[in-house]
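Everything below concerns the one structure shown next.
Every value quoted in this text rests on a predicted model; they were computed, and no experiment measured them. Computed over heavy atoms, backbone and side chain alike; hydrogens, waters and symmetry mates excluded. We name chains A, B, ... by the order of the sequence lines, and we start the count at 1 in each one.
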There are 2 protein chains.
Amino acid sequence: MARKQGSHAETTAPKVRDAALRLFARHGYAAVSMRQIAQEVGVQAGALYRYTPDKQHLLFDLMRSHMEALFEARQAYAQPSDPLARLDAFTTFHIRFHLQRVDAVFVSYMELRNLSPENFAEVARLRSRYEGELEAILRDGVAAGVFEIADCKITTLAIIAMLTGLTTWYREGGRLPLDEITALYVRMVRGAVGVV
Amino acid sequence: MARKQGSHAETTAPKVRDAALRLFARHGYAAVSMRQIAQEVGVQAGALYRYTPDKQHLLFDLMRSHMEALFEARQAYAQPSDPLARLDAFTTFHIRFHLQRVDAVFVSYMELRNLSPENFAEVARLRSRYEGELEAILRDGVAAGVFEIADCKITTLAIIAMLTGLTTWYREGGRLPLDEITALYVRMVRGAVGVV
DNA sequence: GTCTATAACGAGATAGAC
DNA sequence: GTCTATCTCGTTATAGAC
């Protein structure tokens, strides 16, 4: 017996990534075997190696494409010129994007230790590039006299941690609609940069 | 053959916990074997079961005692009556405590998924009790007309996420001394609650 | 009685030959 | 794909040293 049907590479590849992401998020990278991923996809373990050189690369791919999707989505977003409007837009964008990919956010943060040094360096580079975008907004706002910030680098990290933290507790159908929650965060971020 | 020396329960017990915490933080709960922990302690795997009923309970114990140490340390801290002073004290306390226990913080957040439902419920209870302490400060500040907060619950979660995020990047001997970093966060937290 | 080394179980993962 | 031998896991049983 060989294969059951014709070519499936195009549908199988994303299935592998989806299954790996879900399993990594739920059980942790180290706890998930290639066999488990294969079973989830509906193929034999060996077949996975048509789509990834190894398990490590699979993890790296998930993190890298998460970051790439982040940049792509951000470019599709409106970029006002006014610093305060840009900050508000960043806040809104960050929340919406990350809430749609809770698994990827969790894995990208938790499994950094399981990346090889080179892969870690690449993910760290992408991450600090993203942080740089917020930092640039903050610096422009300070230069324009709109923000009051003692240290733009640390303020950047603090804001991103605050916003991303939302992914750990937000549930659809909760006490408040997402629009209202977002408005609350927009206001808190403004406060953190000294806008009254 | 049996034992090499006399009684060691009192020194071995904390060694087991220390080793488990360090290994769980570095490699993840699922990736760490009881044999690895035993080797780190300098004992055979079977001997670990003198100190824990099973691996799951070991993880739970680490998380629970992390929370208990948190409450204990907090009680030793000064509790001013002025809402703003209390908020500042909370910020300072939270940063200092969590920076001293980075491994426990990481494990407590990351390995929640590996707790049994009952153990998870207990840890969640302790955690929300701690959040309640900050929330109470915020409510008092609002009542006193000092803070301007639209939603105390969400503001609490946002502030804690912002502060705890510090543990992911802070390194001793970095660009700024901890005192200055703390001062920056005190200011940002103030801003987030509408204090100018 | 207290503590630990040793050995072993059953389950599941893994590696390699076919 | 499949079979098999081997490894590793959490955990238990037991017996010997303090």
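Regarding Arg50(B), its CZ atom lies at a distance of 15 Å from the C1' atom of dT11(D), rounded to whole Å. Rounded to whole Å, the distance from CD on Gln44(B) to C1' on dG10(D) is 15 Å. Tyr49(B) has its OH atom 9 Å from the C1' atom of dC9(D), to the nearest Å. One can place CG of Leu58(B) at 10 Å from P of dT11(D), the figure rounded to the nearest angstrom. In this structure, Leu48(A) atom CG and dG1(D) atom P are separated by 12 Å, rounded to whole Å.
The side-chain heavy atoms of Tyr109(A) and Thr167(A), taken from C-beta on, include no pair separated by under 4.5 Å.
Here the closest heavy-atom approach between residue Ala30(B) and residue Ala31(A) is recorded as CB-CB, 3.3 Å.
Between the side chains of Asn114(A) and Glu111(A), at least one donor N or O lies within less than 3.5 Å of an accepting N or O.
One finds a salt bridge joining Asp151(A) and Arg175(B) here, because a Lys/Arg side-chain nitrogen approaches an Asp/Glu carboxylate oxygen to under 4.0 Å.
Within the structure, every pair that satisfies the ring-ring contact (aromatic ring centres under 6.0 Å, His included) test and touches residues 9-32 of chain B, not counting sequence neighbours, is listed here: Phe24(B)-Tyr29(B). Within the structure, every pair that satisfies the ring-ring contact (aromatic ring centres under 6.0 Å, His included) test and touches residues 128-176 of chain A, not counting sequence neighbours, is listed here: Phe90(A)-Tyr130(A), His94(A)-Tyr130(A).
Each end of the helix from dG1(C)-dC18(D) to dC18(C)-dG1(D) gets its own axis, taken as the rotation carrying the C1' atoms of four end pairs onto the next four within a five-pair window, and the two axes meet at 20° to the nearest 10 degrees.
In terms of the side-chain hydrogen bond (donor to acceptor under 3.5 Å, both in side chains) criterion, residue partners of Ser65(B) (sequence neighbours excluded) are, by chain and number, Arg17(B).
Residue Thr12(B) has no polar side-chain atom (N or O) positioned under 4.0 Å from OP1 or OP2 of dC3(C).
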Residues 185-196 of chain A, side-chain donor-acceptor partners within the protein, below 3.5 Å, at least two apart:
residue   : atom : partner  : partner atom : Å
Arg190(A) : NE   : Asp88(A) : OD1          : 3.2
Arg190(A) : NE   : Asp88(A) : OD2          : 3.2
Arg190(A) : NH2  : Asp88(A) : OD2          : 2.5

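If you check dC3(C), dA5(C), dT11(D) against the side chain of Tyr51(B), the one that comes closest is dC3(C).
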Does the protein touch nucleotides 13-18 of chain C at the base, only the backbone, or not at all? Give it as B, S and - per nucleotide, heavy atoms under 4.0 Å.
-B----
